[in-house]
Undergrad: 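Have a look at the structure that comes next, please.
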Amino acid sequence: MNHFELSGGELACEDVPLSAIAEAVGTPVYVYSSATLVRHFTVLRDALMAAGLQDSLIAFAVKANPNVAVLRTLAEAGAGADVVSEGEIRRALAAGVPASRIVFSGVGKTRGEIEFALTAGVAEINLESEPELRLVNEVAHALGKRAAVAIRVNPDVEAGGHAKISTGKAENKFGVSLAEAERLYANAANLPGVRPVGVACHIGSQITDLAPLEAAFGKMRALVERLRAEGLSVERLDLGGGLGAPYFNTPTPPEPSAYAAMIARVMTGLGGLQFAFEPGRMIAANAGVLVARVQHVHARPEGRRFLVLDAAMNDLLRPAMYDAYHDIRPVKPRAGEPIAYDVVGPICETGDTFTRDRLLPPLQAGDLVAFMTAGAYGAAMSSEYNSRLLVPEVLVKGGRYAVVRPRPSYDDMLAREQAAPWQA
Ligand SMILES: *Cc1c(COP(=O)(O)O)cnc(C)c1O
């Protein structure tokens, strides 16, 4: 469920018409609903509680939507943060997420990032390989610390909506095998700079079926039992993120209640564990839209009809990168029979096509459209490609809205670069 509904014949975010934001801030612009963000977080938290998984940390995957105001909204609701870089740790801290609720994941953490994370006091570092275990041990030892670490396991399960976002197969770059995890965990227990506290997995994104998750979680449970049988202490089990969002053309993702009940069932009888979750998409996707304006409608005599927008692939990369589908809704729908449009941006490459042959209500130059379900991996992946200004972001709460990332000026953009000294 989300808070983007028609009200008085036009699309609003909570109590604010999208057209009012488009007028004031210009287009393209991302608009987020505080109520939807909080609702998705609390639905998951309540589902975990209801299933008896009270002792759970829900660490929002910052990469899905790193805007500091979005993170603060979630932090105030009680969320932690799953981060993959020093920049994301800094964002989480700036948004008021306590370090004790920050989990540091990622395959290629640098020495500097590990130092920063340990000095900030993050709750846990998820290790993806043996070299990384050695590096964290060395850095922590030099700082006089003992880092709480979890071993990220690749349970060799196929999952996820697209090859580029599947992470849990043996051939993917993430984590170590189950057997390797056992060996590394035992090794880690003997190192002075680390303290192994648990194991972690994250098998993919946009997962719409519980079966692969259940298969992976069953393997994780067996691993915890084997480690404990060897006399090793295991306190935490991090089950990653990956639950899908409803993009309209995909199967409906499982309800959080079904997800939580499945986990409770798989983990029955396994005591003394704190669970961690790293949801990104399921929290943020439906909480945001990208609003764009129609530049013109270009009807070719031979038939194709192009809807040329002022938003482009640099503002919303998912269709070009992952062949992703976004529902597109006119902000003020006109009456009339639906028409098939190729919806495109102004960038000079064919990849800058959001969709082809999409049936939409009739549209005219100057109309506003909203790309739905764009709150995750939308603004997060935006760029200045084609020297288009970085897309702004707006946060709505009830009848109020605020620009939480302003559109830079062209002077701002140019000021970041300079001539080389010999070019004087
Ligand atoms: C990307 C990522 C997530 C979030 O994935 P979603 O599909 O957005 O829920 C969680 N954990 C890790 C380690 C990730 O890399």
Side-chain angles (χ1 to χ4, degrees), residues 37 40-41 43-44 48 56-67 70-71 74 79-85 87-89 92 101-109 113 117 122-129 132 149-155 157 159-169 172-176 198-210 212-213 216-217 220 236-247 250 253-254 256 259 263 275-288 317-318 321-322 324 373-381:
L37 287 166
H40 288 172
F41 173 78
V43 164
L44 178 60
L48 292 168
S56 293
L57 169 69
I58 301 177
F60 175 66
V62 170
K63 74 173 192 272
N65 190 324
N67 185 286
V70 168
L71 298 181
L74 292 168
D82 173 59
V83 299
V84 294
S85 67
E88 287 191 354
I89 300 175
R101 285 200 210 130
I102 297 179
V103 175
F104 189 15
S105 308
V107 265
K109 306 171 195 79
E113 287 180 313
V122 303
E124 176 182 304
I125 299 185
N126 287 355
L127 300 174
E128 303 242 3
S129 65
E132 197 169 67
V149 298
I151 310 289
R152 168 135 179 217
V153 181
N154 187 326
V157 169
H162 189 279
K164 285 184 189 150
I165 53 175
S166 173
T167 53
K169 283 293 287 174
N172 299 132
K173 67 182 175 179
F174 301 96
V176 301
V199 286
C201 71
H202 168 74
I203 61 172
S205 202
Q206 190 51 24
I207 300 172
T208 53
D209 177 6
L210 287 179
L213 291 166
F217 297 170
M220 297 303 287
R236 296 187 205 159
L237 178 53
D238 181 338
L239 297 176
L243 270 195
Y247 288 102
T250 49
Y259 174 72
I263 294 166
F275 292 93
F277 299 91
E278 304 168 347
R281 192 186 306 273
M282 73 160 295
I283 303 274
N286 252 343
L317 187 59
R318 299 187 67 258
M321 177 110 162
Y322 307 117
T373 322
Y377 308 103
M381 298 177 86

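Ligands are counted one by one from 1 in listed order, and the atoms in each one are counted from 1 as well. Just so it is clear, the structure is predicted and the values come from calculations on it, not from any experiment.
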Undergrad: Below 4.0 Å from any atom of ligand 1, is there a heavy atom belonging to G242?
TA: yes
Undergrad: Specify the protein heavy atom at minimum distance from atom 8 (O) of ligand 1: its residue, its atom name, and the distance to 0.1 Å.
TA: Y377 OH, 2.6 Å
Undergrad: Around atom 5 (O) of ligand 1, find the nearest protein heavy atom and jot down its residue, atom name and distance.
TA: H202 CE1, 3.3 Å
Undergrad: How long is the span from the CG atom in L74 to the NE2 atom in H40, to the nearest 0.5 Å?
TA: 11.0 Å
Undergrad: Just jot down the ligand 1 atoms closer than 4.0 angstrom to any heavy atom of R152, in number order.
TA: 13 (C)
Undergrad: Give the numbers and elements of all ligand 1 atoms closer than 4.0 Å to a heavy atom of G241.
TA: 9 (O), 10 (C)
Undergrad: Within a distance under 4.0 Å of any heavy atom of R281, pick out the atoms of ligand 1 and give their elements.
TA: 6 (P), 8 (O), 9 (O)
Undergrad: Of the options V153, I151, V107, N154, which is the one that meets E128 in a side-chain contact (heavy atoms from CB on, under 4.5 Å)?
TA: V107
Undergrad: Rounded to the nearest 0.5 Å, what separates atom CG in L243 from atom OG in S205?
TA: 9.5 Å
Undergrad: Establish, yes or no, whether the cationic atom of K63 lies under 6.0 Å from the six-membered ring centre of Y377 and within 45° of the ring axis.
TA: no
Undergrad: Taking side chain as C-beta onward, heavy atoms only, is E124 less than 4.5 Å from V122?
TA: no
Undergrad: Can you list the atoms of ligand 1 that are under 4.0 Å from a heavy atom of E278?
TA: 3 (C), 4 (C), 9 (O), 10 (C), 11 (N), 12 (C), 13 (C)
Undergrad: Does D82 approach ligand 1 within less than 4.0 angstrom via side chain, backbone, both or neither, non-hydrogen atoms only?
TA: side chain
Undergrad: Indicate whether any N or O donor in one side chain lies under 3.5 Å from an N or O acceptor in the other, for R152 and S105.
TA: no
Undergrad: Have a look at ligand 1 and work out which part of M282, if any, has a heavy atom under 4.0 Å from it: side chain, backbone, both or neither.
TA: neither
Undergrad: In the protein, which heavy atom is nearest to atom 2 (C) of ligand 1, and how far is it?
TA: K63 NZ, 2.3 Å
Undergrad: Is S205 touching ligand 1 with its side chain, its backbone, both, or neither, if touching means heavy atoms under 4.0 Å apart?
TA: both
Undergrad: Looking at every non-hydrogen atom in both residues, tell me the closest pair between K109 and L127 and how far apart they are.
TA: NZ-CA, 4.4 Å
Undergrad: Please examine the side chains of E88 and F104, heavy atoms only from C-beta on, and report whether any two atoms are closer than 4.5 Å.
TA: no
